[in-house]
There are 2 protein chains.
Amino acid sequence: MMADDHTEAEALEPEARPADPRAEAFQGVREARRNELAEDYVELIAELIHEHGEARPVEIATKMGVTAPTVAKTLGRLARDGLITRAKYRSVFLTEEGRALARECQQRHEIVLRFLLSLGLDPETAERDAEGIEHHVSERTLALFAAFADRS
Amino acid sequence: MMADDHTEAEALEPEARPADPRAEAFQGVREARRNELAEDYVELIAELIHEHGEARPVEIATKMGVTAPTVAKTLGRLARDGLITRAKYRSVFLTEEGRALARECQQRHEIVLRFLLSLGLDPETAERDAEGIEHHVSERTLALFAAFADRS
DNA sequence: GATGATTATTAGCCTTGTCTAACTTGTCGC
DNA sequence: GCGACAAGTTAGACAAGGCTAATAATCATC
């Protein structure tokens, strides 16, 4: 789903209001930003389940560095979007979709982290930067990162 | 939830509610996110001024891929935060602070872009990814990127 | 210099993501 | 089996960042 752009580019796609190459990039970034939080939550939930057998809101709040009500509201959105299931006053579980997303995110995170480390970055900074960068690397870039990290 | 660790780690830092290393990373990312939009605008405004001698809202809207009212509201915030000056129905100018921020962002953008290109990424994808990544690279990482790009 | 098109602003709505304060539930200890 | 305390939820505020619709100013251009 990329490149090979077709001759005209106008009138064919009724998609939004691109018009400008830079505009498309910014729209892509905004799109990515909208999913960042969900990805972070899902990734963390998967990790907690893996480590403790369950994911509880209080743990999520601590690890994310936000308050409990913020977690509650966000979990409501994740449930609405079909990424998690939950019963009142109980811990949180991932749906199949949530699990798939978590897997994908963990993989991306791991590659970005490994790449940064292989560049010579200290582990702490690498972790922090990976957290921010992972949501903004395309498949293509990710592949290059992985190749570089492996070849080092 | 045991995880014992930490002998003390409590009571020493009155700064916010970190408590967890991961929490600090996430808070850092959230912090970065808050500045992203301002950085994108300031960078674009500087570019427009450089190219056309002035930055007009309609141009900003086109390049950013948003509507004119969104631009107006955002410019209001930038003005409030001391990054730009503007008179009603006139074009936009950067303050000294805004100019400094723009310079910094352009430099970061350029380094990230050059780095991605030197990795072998195609220019189009590199541009898109740089747009997303540039706000999340620490000084340390940036230095490594620059060194790598130069040494390639 | 009137007028129509372009550009800019204002008003008002919506969602996200954050918070504090107050309330409810669950769990343990005894 | 009751009570305290921790965990979870609800309510309500607020700012950011989007949008559409409607209004106002500027500018071409005749």
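The structure presented is a predicted model; accordingly, all values stated were derived computationally and were not measured.
Taking the charged nitrogens against the carboxylate oxygens, B:E54 and B:R90 have no contact shorter than 4.0 Å, which rules out a salt bridge. Between B:R30 and A:E131 there is no salt bridge, since no side-chain nitrogen of the basic residue lies less than 4.0 Å from a carboxylate oxygen of the acidic one.
For B:R140, the CZ atom is loosely surrounded, since the number of other residues' heavy atoms within 6.0 Å does not exceed 12. For A:E139, the CD atom counts as loosely surrounded, since its 6.0 Å shell holds 12 or fewer non-hydrogen atoms of other residues, nucleotides or ligands. The environment of A:Q107 atom CD is sparse: at most 12 non-hydrogen atoms of other residues, nucleotides or ligands sit within 6.0 angstrom.
A distance of 4.5 Å separates CD1 of B:I84 from CG of B:L75, quoted to the nearest 0.5 Å.
Counting atom types as modelled, A:K88 pairs no side-chain N or O with a base atom of D:dG8 as donor and acceptor under 3.5 Å. Within 3.5 Å, no donor on the side chain of A:K73 pairs with an acceptor on the base of C:dT16, nor the reverse.
For B:R34 and A:L75, each mapped to the nucleotide of DNA chain D holding its nearest heavy atom, the one lying further toward the 5' end belongs to A:L75. Each of B:P57 and A:P69 was assigned the nucleotide of DNA chain C with the nearest heavy atom; the assignment lying further toward the 5' end belongs to B:P57. DNA chain C is contacted by both A:A68 and B:S91; B:S91 maps to the nucleotide lying nearer its 5′ end (nearest heavy atom per residue).
Distance CD (A:E36) to C1' (C:dT18): 16 Å, rounded to an integer number of Å. Atom CZ of B:R30 and atom C1' of C:dG17 are 9 Å apart (whole Å). Atoms CD1 (B:I60) and C1' (C:dT7) sit 13 Å apart, rounded to a whole Å. Atoms CD (B:E54) and C1' (D:dC27) sit 13 Å apart, rounded to a whole Å. Distance, A:R86 CZ to C:dT25 P: 15 Å, rounded to whole Å. Nucleotide D:dC19 holds its P atom 8 Å from the CD atom of A:Q27, rounded to whole Å. Here D:dA15 presents its P atom at 11 Å from CZ of B:R77, a figure rounded to the nearest Å. Rounded to an integer number of Å, the gap from CG of B:L78 to C1' of D:dA16 is 12 Å.
For A:A72, the side-chain atoms get nearest to D:dT10 when compared with the rest of D:dT10, C:dT20, C:dT18. Closest contact between the side chain of B:L37 and the listed nucleotides D:dG17, D:dT9, C:dC19 involves D:dG17. The side chain of B:R56 sits closest to C:dA8 out of C:dA8, D:dT20, C:dG26.
Note on A:R80: a side-chain N or O is less than 4.0 Å away from OP1 or OP2 of C:dT16. Contact annotation: B:T70 does not reach the phosphate of D:dG17 (side-chain N/O to OP1 or OP2, under 4.0 Å). A:T74 has no side-chain polar atom (N or O) that falls below the 4.0 Å cut-off from OP1 or OP2 of C:dG17. Taking 4.0 angstrom as the limit, B:R33 places none of its side-chain polar atoms (N or O) nearer than this to OP1 or OP2 of C:dT18.
Nucleic acid contact class of B:R90 (heavy atoms, under 4.0 Å, all strands): sugar-phosphate only.
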